[in-house]
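Take a look at the structure below.
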Amino acid sequence: MTAQSGQPQLPWWETGIIYQIYPLTFADGNGDGVGDLRGIIDRLDYLNDGNPNSVSSLGIDAIWLSPIYRSPMVDSTYDVSDYTDIWPTFGTLDEFDELLAAAHQRGIKVILDLVINHSSSEHPWFVESASSRDNPKADWYLWQDPVPGQAYPNNWLSYFGGPGWTYCPDREQFYYHTFHKNQPDLNWQNPDLRAAVYDVIRFWLDRGVDGFRLDASSAYSKDPQFRHNPMKYGATSQNNYKNYHHHYNKNLPANHQIIREIRALLDSYGERALIGETFIDNQMYDSISFYGAKGDELHLPLEFEFPLCAWFPGDLQRAIEKKERLTPTFAQPNYFLDNHDIPRHLSRWVECSLCIDPVTIARAAAALLLTVRGTPILYYGQELGMVDNDDIPQDRLRDQVIVISDTDDTPPSRDGSRTPMQWDASAQAGFSFGKQVEPWLPVHANYKDLNVEAELADPDSILSFYRRLIRLRRNSPALLQGSWRSLLHYPLEYLAYLREHEDETLLVVINFSYEQPFDCDDAIAPDGWEVLLSTDQPEGQTVALPKTLQPFEVSIYQHSGATQ
Ligand code: NOJ
């Protein structure tokens, strides 16, 4: 718990910053070209060395590790063939324990990615289930008989494209897979399967992990009658997943019961965080429902509001306002810009914005993420300004599970945003600690300038800006616990909002455009604002609010008295 003056103590996932590590490409400790646990251990000090005044660490509070379990790697670790062992290329259980201890020693919490909507088709559970109709695990997956006159048992498609059903000759039945055919969905209606998954959860909690990110956590339950999903109004193609309302295979009431059970299990271990991927047909309301009516489901339901926004103040503010309105009072919002499934924000936004310098967008986006009300989740390398590698040769691509459907323009590979972390200017960006081995994915060509070592040495770098923001946030009651209120009704050129707390009021101004007057809809005190952090003004001075915003200026002010 984090103590603030006169305030109730808050759990770490409300005050902390979570950092997503994609283990395949974060750091390669043994020099074989693939990221591993040893590499993460060796790089922990960069994330947080335990010293709040460190001159070389970022200062995050928790790491979320994308899956580290045994996997045939059809979906780059999201197809698990053994939930209680480490993929040998990543290391061993002993190394995991070492990582956990080393992280805890530095005050870093460890969150595992739990992929329990589906397993790999190579998981022994599925191999047994698929072998006959009457084995002990026959009912652990979603099996259906062929329907005369129909190609598949129903019209459910795979999120990755193509049919959601694959035929198994040994059973003369189809099994359902929300994702790839090598990722069969588990049957959560089966009590033995449920108990087995809860044993997996206990296995990791007993080892000391601090929480989980539940993969695809809105898709666990399926309609027991396997009814067809209705198509969306106006949709023409029947072969596009996005053209359906997923009423019968996502966000069913029974799904919430499962999350409640998992949460109760976590709660029995004390302060453990439950995060979940709850993106459902772009509807934030459904995602909000995953807090649970009594706050007994997810602590942090992950929703893609910033990734779905244009780089435009009005759009971003509308997303924040919506979240402010919908988040229950007992609950904590969260935000992220990037993850391993989408193009990085600088790749998404730079080309589409008026602003041609990515550094200005990177700074503005960092300020937004770290000063809005909610838990920020960073994706490795975003703090450097890493962008997608769009030049990966076809024969080097790893992610090839997504099939483009006829009306879908989703890129077939997500590898562009999964390239090796850029540590320094040595061979392969220091990913293999200087060794010249071919990495899992090709390093981005910009690594000589854009890397941790270079940016730590440059006070004007994106990394330095993140570090300043993180330190400011850590010591600010307003940023950690204050309310959020915009000063503009519908901003066109810049964001201006207050974070208000009984001990402190902060004003955040982020200019998305060229020089312009600062002209709020809501009146606030003109004088007495101390500049805490700014891209354009001397810090530490108390000023009257600037009447002019500099091009792409980001400034954070603190006010000691009444602001209105
Ligand atoms: C969501 C994960 O984030 C994504 O990477 C994966 O492909 C699917 N779930 C299937 O596990």
Side-chain angles (χ1 to χ4, degrees), residues 18 20-26 35 64-83 87 111-123 126 141-142 156-162 164 166 175-186 188 197 200 212-220 222 241-242 246 249-251 255 275-282 287 290 298 300-304 307-308 334 336-344 377 379-380 388 397-404 408 410-419 440-441:
I18 300 172
Q20 182 189 353
I21 289 180
Y22 191 68
L24 286 164
T25 50
F26 186 68
W64 145 27
L65 302 175
S66 277
I68 50 173
Y69 321 99
R70 274 186 192 263
S71 164
M73 291 289 146
V74 170
D75 185 14
S76 307
T77 69
Y78 283 87
D79 49 319
V80 177
S81 54
D82 185 343
Y83 289 108
W87 188 43
I111 298 166
L112 292 188
D113 210 320
L114 205 53
V115 191
I116 49 176
N117 171 68
H118 48 272
S119 71
S120 157
S121 53
E122 291 185 26
H123 195 294
F126 184 75
Y141 291 81
L142 297 167
W156 299 356
L157 298 178
S158 155
Y159 183 77
F160 287 159
T166 292
Y175 64 89
Y176 179 65
H177 45 91
T178 303
F179 298 96
H180 191 264
K181 67 177 171 45
N182 290 27
Q183 294 167 297
D185 281 29
L186 298 167
W188 277 90
V197 175
V200 167
F212 298 98
R213 175 262 188 191
L214 302 177
D215 185 72
S217 60
S218 48
Y220 295 165
K222 316 293 189 301
Y241 185 91
K242 294 178 185 162
H246 293 276
N249 58 353
K250 268 196 164 182
N251 196 18
N255 208 125
I275 305 171
E277 189 189 32
T278 54
F279 177 65
I280 307 150
D281 297 344
N282 296 0
S287 186
F290 275 85
L298 300 176
L300 303 175
L302 302 177
E303 179 62 50
F304 286 60
L308 290 173
N334 70 87
F336 62 93
L337 300 171
D338 294 347
N339 73 18
H340 61 291
D341 289 330
I342 51 175
R344 288 177 179 272
I377 304 175
Y379 180 55
Y380 81 98
D388 285 11
L397 287 174
R398 299 286 185 172
D399 178 40
Q400 309 204 34
V401 288
I402 299 182
V403 181
I404 301 187
D408 191 1
T410 312
S413 169
R414 296 163 288 183
D415 286 335
S417 61
R418 299 173 173 182
T419 58
W440 176 257
L441 283 168

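Given the structure is predicted, the values throughout are model-derived calculations rather than measurements. Residue numbers run from 1 in the order of the sequence given. Numbering of ligands and ligand atoms starts at 1, following listing order.
Taking the six-membered ring for Trp and the full ring otherwise, the centers of Tyr78 and His118 sit at least 6.0 Å from each other. For Phe160 and His177, the gap between ring centers reaches or exceeds 6.0 Å. Between Tyr175 and Phe126, a ring centre-to-centre spacing shorter than 6.0 Å is recorded.
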Between Arg414 and Asp388, does the salt bridge (Lys or Arg N to Asp or Glu O under 4.0 Å) criterion hold? Intermediate values first, please.
CA-CA 9 Å; Arg414 296 163 288 183; Asp388 285 11; over 6 Å; no
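In this model, a donor atom of one side chain and an acceptor atom of the other lie less than 3.5 Å apart for Tyr141 and Ser119.
For ligand 1, the protein residues placed under 4.0 Å by at least one non-hydrogen atom are Asp75, Tyr78, His118, Phe160, Phe179, Gln183, Arg213, Asp215, Glu277, His340, Asp341, Arg414, Arg418.
The side-chain tip of Arg344 does not point at the ring of Phe336 from less than 6.0 angstrom away and within 45° of straight on.
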